[in-house]
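Working notes for the structure below.
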Amino acid sequence: MTALEDLSTTERYAKCIEVSKRVRWDIDSDVIRGRTFDFSQKFLPDGISKVDEFDFLNADEKKRLSQVQGRTYANMFGFVERFITAKVLETTRDHWLGDQTALEALIRFCDEELKHQNLFRRIEAMMAEHMPEGYRFIPDPDEVATAVLKNSSWAVLALILEIELFTQEHYKKSIAKDENLSELYKDIFLFHWKEEATHAIMDELEWPREDSKLTPEERDQAIDELIGLINDVDGILKVQSHSDVDYFSTCCSRQFADDEIDRLKTGVLKAYRWQYIFSGTGHPRFRNLLEQLTSDEQRKRIVTALSAID
C-alpha cells in the first residue's frame with residue numbers, strides 16, 4: 001500500500017486500470033476450461049469453513065460440509081455483487097464530467113463485477129448438477145440490493161470495502177495455501193481475487209470522497225445505517241446457516257443427535273459470521289480507514305454492535 005499511497009488519486013485510478021487490463025480473464029477459456037468440480041476434495045479450507053471444530057464428524061462428513069459451505073460461499077459473492085455493481089455504477093456519476101481516468105476505472109470495476117455474477121451463476125448450476133437435491137440459497141439478490149441501496153452511500157461503500165477486503169484475505173491466507181481443495185473451486189477464487197484486488201483500492205478512494213460531502217450529523221446517521229446493514233447481514237447468515245445444516249444433515253448416511261444438530265447450527269453460523277463480517281471489519285485496512293473517517297464515540301458504537309453479534 002505504501003507505493004500506492006505516494007501516488008495522486010488519478011494515478012491510483014490509473015494503476016487500477018493498468019492492473020485490470022493485465023489480469024483480465026475469460027470465464028470459459030481461463031477459469032472453467034472444460035473442467036468439473038472434484039467432489040473427492042474439499043471446496044473451502046478448514047481455516048474458512050471451521051469444519052475441523054466438529055469433532056463428531058468423520059473425514060467424509062467434514063469434506064461434505066465444506067462443499068455445502070463452499071456452495072453458499074460462491075452464491076454469497078454472486079449475491080452481494082448485485083448491490084456492489086449498482087452502487088459503484090451510481091458513484092460513476094460524480095466523475096462523468098470530471099476525472100475520466102477515475103470514470104474508466106470504476107466502469108471496469110462494474111464490468112468485472114457483472115462478469116463475476118455470471119461466473120457464480122454458472123458454477124451454482126454446475127454444483128447443483130452433482131450435489132443432492134434440496135439445497136436452497138435463500139436471499140433474493142434483487143430484494144436485498146433494493147433494501148441495501150436505500151441506505152446512505154457512506155454506509156454502503158463501507159460495507160462494500162469490508163466485503164472486498166475479506167475476499168482477498170480469504171484467498172491469500174487460506175485458499176491459495178491449501179493443496180487439498182477441488183482444483184476448479186480453487187481456481188475460481190484465484191481469478192476472482194486477481195480482479196477484486198483493485199476493487200478494494202477504488203473503494204478506499206470512493207468512501208473518503210463520499211465522506212467529504214457529509215455534515216457531522218449526516219455522518220453520525222450513516223454510522224447507524226452501517227450498523228443496521230451489518231445486523232441485516234447477520235440475519236441473512238442465521239437463516240442460511242440453518243438451511244445449510246439442514247441440507248447437510250439430509251445428505252449424510254447417518255442421523256445426527258439433536259445436540260449434534262445444535263452444535264452444527266451454532267458452529268456453522270459462527271463460521272459464517274467470521275467469513276462475512278468479522279474477517280472484513282477486523283481487517284487492518286478497514287480499521288485504519290474507519291479510524292480516519294469517524295470519531296472515538298462512533299467507533300465505539302460499531303464495536304458495541306459487533307460485540308453483540310459475536
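All figures in this text were calculated on a predicted structure; none of them were measured in a lab.
- Each ring-ring contact (aromatic ring centres under 6.0 Å, His included) pair with one or both residues in residues 284-310, not counting sequence neighbours, appears once here: Trp207-Phe286.
- With Ile163 as the partner, the side chain to side chain contact (heavy atoms under 4.5 Å, CB included) test is satisfied by one option alone out of Leu159, Leu165, Ile160: Leu159.
- Applying the side chain to side chain contact (heavy atoms under 4.5 Å, CB included) test to Asp94 and every residue at least two apart in sequence or in another chain returns Arg209, Lys213.
- The pair Lys87-Glu90 meets the salt-bridge criterion, with a side-chain N (NZ, NE, NH1 or NH2) lying under 4.0 Å from an Asp/Glu carboxylate O.
- Sequence neighbours left out, not one pair with a member in residues 211-235 passes ring-ring contact (aromatic ring centres under 6.0 Å, His included).
- Contact check on Asp52 versus Lys62 returns no salt bridge, with no Lys/Arg side-chain nitrogen under 4.0 Å from an Asp/Glu carboxylate oxygen.
- Ring geometry, Phe137 versus Phe79: the interplanar angle exceeds 60°, so the pair is classed perpendicular (tilted spans 30 to 60°).
- Judged as a side chain to side chain donor-acceptor pair (under 3.5 Å), and not counting sequence neighbours, Thr304 has no contacts.
- Annotation: ring-ring contact (aromatic ring centres under 6.0 Å, His included) contacts involving residues 290-310, sequence neighbours excluded, are absent.
- Judged as a ring pair (Phe, Tyr, Trp, His ring centres under 6.0 Å), and not counting sequence neighbours, the contacts of His170 are Tyr73, Phe166, Trp274.
- Checked for salt-bridge contact, Asp111 and Arg24 meet the test: a charged N lies under 4.0 Å from a carboxylate O.
- Ring orientation note: the planes of Phe37 and Phe39 are nearly perpendicular, at an angle over 60° on the 30°/60° scale.
- For Arg287 and Glu291, the salt-bridge test fails: no basic side-chain N is under 4.0 Å from an acidic carboxylate O.
- Lys186 has no carboxylate O lying under 4.0 Å from a charged side-chain N of Glu183, or vice versa, which leaves the two without a salt bridge.
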